[in-house]
Protein chains: 2
Amino acid sequence: MAKADRQRGNSEKRERILQGALRAFAQNGFYNTRVSDVASEAGVADGTIYLYFKNKDDLLISLFEDRMEWIIDRLRDELEAVDGGVLPRLRAFVQLHFHLAVEHRDLAEFITVELRQSAKFVKEYENPKFGAYLEILRSLIERGQREGVLRSDLDSRLVSRAIFGALDEVLLQLALAHKPPADVTDEAHQIAEMLIDGLTPREHHKPTSTE
Amino acid sequence: MAKADRQRGNSEKRERILQGALRAFAQNGFYNTRVSDVASEAGVADGTIYLYFKNKDDLLISLFEDRMEWIIDRLRDELEAVDGGVLPRLRAFVQLHFHLAVEHRDLAEFITVELRQSAKFVKEYENPKFGAYLEILRSLIERGQREGVLRSDLDSRLVSRAIFGALDEVLLQLALAHKPPADVTDEAHQIAEMLIDGLTPREHHKPTSTE
DNA sequence: AACTAATAACTGAATGCTCATTCACTTCGC
DNA sequence: GCGAAGTGAATGAGCATTCAGTTATTAGTT
């Protein structure tokens, strides 16, 4: 059990550091956070961080990877648990997105604020996990299009990006404004209805095929 | 004309610095840009920047104010020139948003990437210009709701944020991907159609009033 | 119009501060 | 008592900001 303990000890400390980094970055942003801030937030010495991460950039990227993976797993699991077709799942997706964020405010602030920056400026980092997130949404939309419950004249990639953007922006407000859960459910509902109405088929969508 | 020349000379240099800052920030982000980078981009000495701006933060904020004001003025002007009701204007708004961004890629990258960061971390800066931008959209939506061409069961503030988010996220991709203008028009069109279909009234929106 | 002086605009090397990162040393687990 | 894990003071690089010195502009005087 020695090995297992070591393992556990190791990754427990790693996790503590990640948690400290999350709190610190969410509060002050990556560039305004000192490595020593993360260290004291995590209750370790400055040097310890370098036993688990190559440098400050690596800490940021690792935090992304780790937390995004967690989010994606939860989303996937909870979506699969939703019975019914594409529309209920889309609604669930929006609700989940918002409620996850409210339950984990630090995480929400971190991701909404740092995602763009980091994607662009942390050299040679492609952010594959964010791609996976979008992919969940995209495949859901494509399925809806194939089944005929969603209009097919829109590009699924484009639409999923637009939806993500809408959610993300509204989220940013929610996270910063400390809104109560009831409001969150309501706002999520409104957004979901708007998006779904925008995506369900209507007569005028195919003016060429008069058949 | 001596006085006028001095004036012109002054603000021309200020503008040169802002332009340099825009290019530099768009390329490398605020935190990865040295003041001396801005200086050389603008063709002035490092010290000169401090004759026009209090410090690096002030330069960032001034750039926001200045460029946002320019954008807002253009949006307002061009929207007023659109005849017809709310729907054509909404469509025009989306097209304008995208085409402005493509014509001014640096500006688009700067705003999409730095807006959130700055809003949150440049102390005591409330970003009133961004509020004015959202307000244009919100008042357009409210008018549509009053006139009955847009559904009234959604909060206009929430919706305008969601729309901004959707546009902004798609824009980010467009700006980074260097897409040709034809694609831009098409993507703008798709987004506009989706949003408008999501916002126009349908029977099921008021299930309580069976009347 | 030429000269002078006063003022404003500009310059960029020097200053000093803020951290990320390292490493000689200590502590822990076995 | 050995190897791994952890520590935190010391190092040094990077960079925002300053300011003594230079150059351009304007106004005043003859």
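In what follows, chains are A, B, ... by sequence order, proteins preceding strands, each numbered from 1. Note: hydrogens, waters and symmetry copies are ignored here, and every other heavy atom, side chains too, is used. Computed from a predicted model, the values in this text were never measured in an experiment.
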Kindly say if A:K13 contacts the phosphate of D:dG6, meaning a side-chain N or O under 4.0 Å from OP1 or OP2.
yes
What's the CG-C1' distance between B:N28 and D:dC15, to the nearest Å?
15 Å
Could you list the donor-acceptor pairs under 3.5 angstrom formed by side chains in residues 171-184 of chain B, with sequence neighbours left out?
residue: B:K179; atom: NZ; partner: B:E187; partner atom: OE2; Å: 3.2

Determine which pairs satisfy salt bridge (charged side-chain N to carboxylate O under 4.0 Å, His left out) with at least one residue from residues 85-97 of chain A, sequence neighbours left out, and list them in order.
A:R91-A:E193
Taken in chain and number order and not counting sequence neighbours, the residues that satisfy side chain to side chain donor-acceptor pair (under 3.5 Å) with A:S139 are none
Residues 20-27 of chain B, side-chain donor-acceptor partners within the protein, below 3.5 Å, at least two apart:
none

Taking CD1 from A:I17 and P from D:dA5, how many angstroms apart are they, rounded to a whole number?
13 Å
Please enumerate all protein N or O atoms sitting under 3.5 Å from an N or O of nucleotides 17-19 of chain C, with distances to 0.1 Å.
residue: C:dC19; atom: OP2; partner: A:R34; partner atom: NE; Å: 3.2

Taking atom types as modelled and ignoring hydrogens, do the side chains of A:T185 and A:H99 form a donor-acceptor contact shorter than 3.5 angstrom?
yes
Distances for protein N/O vs nucleotides 8-11 of chain D N/O pairs under 3.5 angstrom?
residue: D:dG8; atom: N7; partner: A:G47; partner atom: N; Å: 3.3

Residues forming a side chain to side chain donor-acceptor pair (under 3.5 Å) with A:N55, sequence neighbours excluded
none
Whole Å only: how far is the CG atom of A:D37 from the P atom of C:dT21?
14 Å
Whole angstroms only, please: what is the NZ-P distance between A:K54 and C:dA20?
16 Å
Mind calculating the distance between CG (B:D58) and P (D:dT17) to the nearest angstrom?
10 Å
For A:V35, what residues pass the side chain to side chain contact (heavy atoms under 4.5 Å, CB included) criterion, not counting sequence neighbours?
A:I49, A:Y50, A:K56
Nearest whole angstrom, please: distance from the P of C:dA9 to the CD of B:E12.
15 Å
With sequence neighbours left out, which residue pairs that include part of residues 160-175 of chain B fulfil the salt bridge (charged side-chain N to carboxylate O under 4.0 Å, His left out) condition?
A:R116-B:D168, A:R116-B:E169, A:R161-B:E169, A:E169-B:R161
Can you tell me how far P of D:dG3 sits from CG of A:L51, to the nearest Å?
18 Å
Choosing from D:dT7, C:dT21, D:dT18, which nucleotide comes nearest the side chain of A:N55?
C:dT21
Please tell me if B:Y52 has a side-chain N or O lying less than 4.0 Å from either OP1 or OP2 of C:dC10.
yes
Starting from P on D:dG6, measure out to CZ on A:F53 and report it in whole angstrom.
12 Å
Evaluate the side-chain proximity of A:Y31 to B:F121: yes if any heavy-atom separation is below 4.5 Å, no if none is.
no
